[in-house]
Protein chains: 2
Amino acid sequence: MQIKVAIVDDDEGIRSSLSALIKRAKDLKLTGEYANGERALAEIPKNLPDVVLMDINLPGMKGYDCVRQLKTAHPAVQFLMLTVYEDSDSLFNSLRAGASGYLLKRTASARLLEAIKDVFEGGAPMSPQLARRVVQFFSQPATDNTSIAKLTPAEREFLDQLSKGYAYKEIADRMDISIDTVRSYVRTVYEKLHVHSRTEAVVKYLRG
Amino acid sequence: MQIKVAIVDDDEGIRSSLSALIKRAKDLKLTGEYANGERALAEIPKNLPDVVLMDINLPGMKGYDCVRQLKTAHPAVQFLMLTVYEDSDSLFNSLRAGASGYLLKRTASARLLEAIKDVFEGGAPMSPQLARRVVQFFSQPATDNTSIAKLTPAEREFLDQLSKGYAYKEIADRMDISIDTVRSYVRTVYEKLHVHSRTEAVVKYLRG
DNA sequence: ATTCCGCTCGCATATTTATGCGATTGGAAA
DNA sequence: TTTCCAATCGCATAAATATGCGAGCGGAAT
């Protein structure tokens, strides 16, 4: 089965080289190419592709705004952003909008074809520099300041379970300890965090 | 120049097959292998590698807790997590701890060698399923937020108080209503959020 | 070797939370 | 105008949580 692909890019040259690339690939099928977001919004619903190659820097609406609207109406369609820019804002705006992949335009043709298959199969292809930026988003600024750092491994594990909403009995089962040991952890953890209720502990844990 | 690699895994078999793989690669050099997080914490600083292959499910401390400590002390070292588990918690805990890549253990050898070079060069290699999970993390506001949006103003105010850790009685005082009205809000809010405990409600509120 | 600490478990009890089944009022929508 | 619903309150009870006062064991540190 062929993967249906659509292209949204205002640059005629890029559009034609992309469409040529897709037409050459026997397991891909081009369903349409659009020069701007407005056209894409109007035309794509009439002939739904599996994957959309979307330029970020379109005249008029931004590529990610176009993605946001299309993705809401057609959640099954996958969006692969193509851009010359490496800036974080475009990246995170696109991800928030529902894009699944993000490649720089200088990506090699072979890699691009691979990426189209990746997104279609549920992956999230991304240029290495951009992937690292996403990963760094999560890494907290090495400040191990909080009182949570003073917890023992078992206590931290317990606190994590607490934050999931499990009852003491369930936590006991999951950690394979008795409910009285759970109660014991409640005491030591609350004391170390200076709290007196589950909610306070969980908030402190989730917020640092 | 060779990339210096260390291995942390409690499974002897996996350790030996990984070390054999690394020894065979001429542009990689094995600097050490450790059976648990505690050993890794003690030994790795004595002979710093460029990249550490870290198992998540270690006896004793979790792999990501080990990463957190080592990364804090040695920010230049890159960590590549290897695990059999695909669960989100391990993934996000690892990323928060400072890991740069995350692969499933069933990853092909060739792909693993490639990934080691990727992290060393500033990339963030990740199994497709996991990459997608990271990407999806960003595109939640459009989906999950709906339940909280359905709350009435008074209910939202109440939920905010709940998340601050106040007891029902305290919330009643602050909102100048009776404790039974508070209980009433508990019911309606829990129903709208589809939860059955304070902790679940608060987590949903803070993460919305 | 002795002390400290992390981990484990038990019993008892006070307080808080969760939930069921109600009611009244005033304002907005039908 | 009748219906709906947010907001308020009440009583009752089961379940969960918070906390006090213990204990034993094994490993690490001094």
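What's counted below: heavy atoms across the whole structure, side chains too, no hydrogens, waters or symmetry copies. Throughout, protein chains are lettered first and strands after them, A, B, ... in sequence-line order, and every chain is numbered starting at 1.
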Checklist entry - Side-chain N or O of A:T181 less than 4.0 angstrom from OP1 or OP2 on C:dC9? => result yes

Next on the checklist: Among B:R132, B:K105, B:R106, exactly one meets salt bridge (charged side-chain N to carboxylate O under 4.0 Å, His left out) together with B:E86. Which residue is that?
Outcome noted: B:R106

Checklist entry - In whole angstrom, what separates B:R187's CZ from D:dA6's P? => result 15 Å

Next on the checklist: On the side chain of B:R183, is there an atom forming a donor-acceptor pair with the base of D:dG10 - under 3.5 Å, no angle test?
Outcome noted: no

Item to check | Near-ring test A:F79/A:Y64, centroid separation under 6.0 angstrom | outcome: no

Checklist entry - From D:dG10, D:dA18, C:dA18, pick the nucleotide closest to the side chain of A:R198? => result D:dA18

Checklist entry - Once you round it to whole Å, what is the distance between P of C:dT17 and NZ of B:K169? => result 12 Å

Next on the checklist: Distance check needed: C:dT16 P versus B:K164 NZ, whole Å only.
Outcome noted: 20 Å

Checklist entry - Is any side-chain nitrogen or oxygen of B:S178 closer than 4.0 Å to OP1 or OP2 of D:dG10? => result yes

Checklist entry - In whole angstrom, what separates B:I177's CD1 from C:dT25's C1'? => result 16 Å

Next on the checklist: Expressed as a whole number of angstroms, how long is the span from B:E200:CD to C:dT17:C1'?
Outcome noted: 13 Å

Checklist entry - When the distance from NZ of A:K192 to P of C:dC5 is rounded to whole Å, what number comes out? => result 10 Å

Item to check | Rounded interatomic separation in angstrom, taking CG from A:L193 and P from D:dA18 | outcome: 12 Å

Item to check | Given DNA chain D, 5'-ward residue of the pair B:M175 and B:D180, judged by closest heavy atom | outcome: B:M175

Checklist entry - Touch check for A:S184, heavy atoms < 4.0 angstrom, all strands: base, sugar-phosphate only, or nothing? => result base

Item to check | N or O in side chain of A:Y190 less than 4.0 angstrom from D:dA18 OP1/OP2 | outcome: yes

Item to check | Out of D:dA7, C:dC11, C:dC7, whichever nucleotide has its closest atom nearest the side chain of A:P153 | outcome: C:dC7

Checklist entry - Where do A:P125 and A:A115 come nearest, in terms of heavy atoms and distance? => result CG-O, 3.6 Å

Item to check | Option from B:V186, B:D180, B:D173 for which side chain to side chain contact (heavy atoms under 4.5 Å, CB included) with B:Y168 holds | outcome: B:V186

Checklist entry - So does B:Y166 get a side-chain nitrogen or oxygen closer than 4.0 Å to the phosphate oxygens (OP1/OP2) of C:dT16? => result no

Item to check | A:A154 side chain, from C-beta outward: closest of C:dC7, D:dA16, C:dT19 | outcome: C:dC7

Checklist outcome for this item: Considering only heavy side-chain atoms of B:T152, the closest of C:dG6, D:dA7, C:dC11 is D:dA7

Checklist entry - Quick one: is A:Y168 getting a side-chain N or O under 4.0 Å of the D:dA15 phosphate, OP1 or OP2? => result no

Next on the checklist: With rounding to the nearest 0.5 angstrom, report the CE to CD distance, A:M54 to A:Q78.
Outcome noted: 13.0 Å

Checklist outcome for this item: In whole angstroms, the gap separating C1' of C:dG20 from NE2 of B:H196 amounts to 14 Å

